[in-house]
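What you see is a predicted model; the values in this text were computed from it and never measured. So that the names make sense, note that chain A is the first sequence line, chain B the second, and so on, each numbered from 1. Computation of the quantities below employed the complete heavy-atom set of this structure, encompassing side-chain atoms and omitting hydrogens, waters and symmetry-equivalent molecules.
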2 protein chains.
Amino acid sequence: MRELDNECCDMRGLLGFLVLFLLSKKPMHGQEIANELAKRRGEKPSPGTIYPALKSLKDLGFLSEEKGGKTITYKLTPKGEKALEIAKKRFTRTFLGVIT
Amino acid sequence: MRELDNECCDMRGLLGFLVLFLLSKKPMHGQEIANELAKRRGEKPSPGTIYPALKSLKDLGFLSEEKGGKTITYKLTPKGEKALEIAKKRFTRTFLGVIT
DNA sequence: TTATATATATCGGACATCCAATATAATTTG
DNA sequence: CAAATTATATTGGATGTCCGATATATATAA
């Protein structure tokens, strides 16, 4: 029951969802995403967490990449936008009333 | 990445949190909780999911029981209320802006 | 050029979550 | 009472998530 443990530091199974959500605000590269996640949950996800997550989302066709020097900027594909909308509906219905 | 799969039917690691939240609205017994969860996420959690979750929350001191005939009504303890408030703060900060 | 820093990538495994199957107990129905 | 129904309980295991360790590549500094 990690979600009720204050020492907990994982995303509780919603990392991919959060990454999609963050990228829907603006395209970012991996470290920017990791830093944004750090602001939200208090701890920065490790490279072994964030890059496999980005790879999964890319493999699902939800993200496209643009390489520029040292970084890779990710943004949502139309398919990714659609997936995010569906996931947001589910999330909203499930957690209705929790965020006041 | 179950949270982005429409066929997905688990609670994505937030079952305990949701149960605490639901019980903060009103005391319920196991089946009532399961039915409420079914309304929110579309599928009723199995007995092997809900009862171990209730036991964990009880073992953490977050719930108290009251037996009545065939059912056991659960309600939050003060400790459970406190844990819920903390978890809600974390949840809100993490998912800020997702629910519009 | 060499050293350092930053960004990305991969893999193995520890751990938690949740379910299917099964069992027990209490109540209701015939 | 016997059968059926409903609620609760347990446990073994399949699966997914995330991290630590490690590696590679690119850019910058000395």
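What separates CG of B:Leu37 from P of C:dT17 is a distance of 15 Å, to the nearest Å. Summarising the geometry, the separation between CE on A:Met28 and C1' on C:dA7 is reported as 16 Å, rounded to the nearest angstrom. In this structure, NZ of A:Lys70 is placed 8 Å from P of D:dA27, rounded to the nearest angstrom. For the pair B:Asp5 CG and C:dT17 P, the interatomic distance rounds to 20 Å; values are reported in whole Å. We find that CD of B:Glu65 is positioned 11 Å from C1' of D:dA9, with the value rounded to whole Å. Rounded to whole Å, the distance from OH on B:Tyr51 to P on C:dA20 is 15 Å. For the pair A:Ile72 CD1 and D:dT26 P, the computed distance is 10 Å after rounding to whole Å. A straight line from NZ of A:Lys44 to C1' of D:dG20 spans 16 Å, rounded to a whole angstrom.
A 4.5 Å side-chain heavy-atom check between A:Leu37 and A:Ile50 finds at least one atom pair inside the cut-off.
B:Thr73 places no side-chain N or O within donor-acceptor distance of the main-chain N or O of B:His29, the cut-off being under 3.5 Å.
Screening B:Leu20, B:Val19, B:Leu14 against A:Leu4 for a side-chain contact (heavy atoms from CB on, under 4.5 Å) leaves a single residue, B:Leu20. Each of B:Glu36, B:Lys70, B:Lys44 was checked for a side chain to side chain donor-acceptor pair (under 3.5 Å) with B:Gln31, and the lone residue meeting it is B:Lys44.
Between A:Leu60 and B:Met1, the shortest heavy-atom contact is CD1-SD, 4.4 Å.
Salt-bridge formation is not detected for the pair B:Lys82/B:Glu85: no Lys NZ or Arg NE/NH1/NH2 atom is positioned less than 4.0 Å from an Asp or Glu carboxylate oxygen.
With DNA chain D read from its 5' end, the first of the two nearest nucleotides for A:Gly16 and A:Pro47 is the one closest to A:Gly16. Each of A:Thr73 and B:Ile50 was matched to the nucleotide of DNA chain C holding its nearest heavy atom; the match closer to the 5' end belongs to A:Thr73. Position along DNA chain D of the nearest nucleotide to A:Pro52 versus A:Lys67 favours A:Pro52 as the more 5'-ward residue.
A tilted orientation is assigned to the rings of B:Phe17 and B:Phe91, their planes being inclined by 30° to 60°.
In this structure, the nucleotide among C:dA9, C:dT10, D:dA9 sitting nearest to the side chain of A:Lys55 is C:dT10. Checking D:dT11, C:dA7, C:dA20 against the side-chain heavy atoms of A:Thr71 singles out C:dA7 as nearest.
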Below 3.5 Å is the cut-off: list the nitrogen or oxygen pairs between protein and nucleotides 12-17 of chain D, distance only.
unit_1 : atom_1 : unit_2 : atom_2 : d
D:dG16 : O3'    : B:Arg2 : NE     : 3.4
D:dT17 : OP1    : B:Met1 : N      : 2.5
D:dT17 : OP1    : B:Arg2 : N      : 2.6
D:dT17 : OP2    : B:Met1 : N      : 2.6

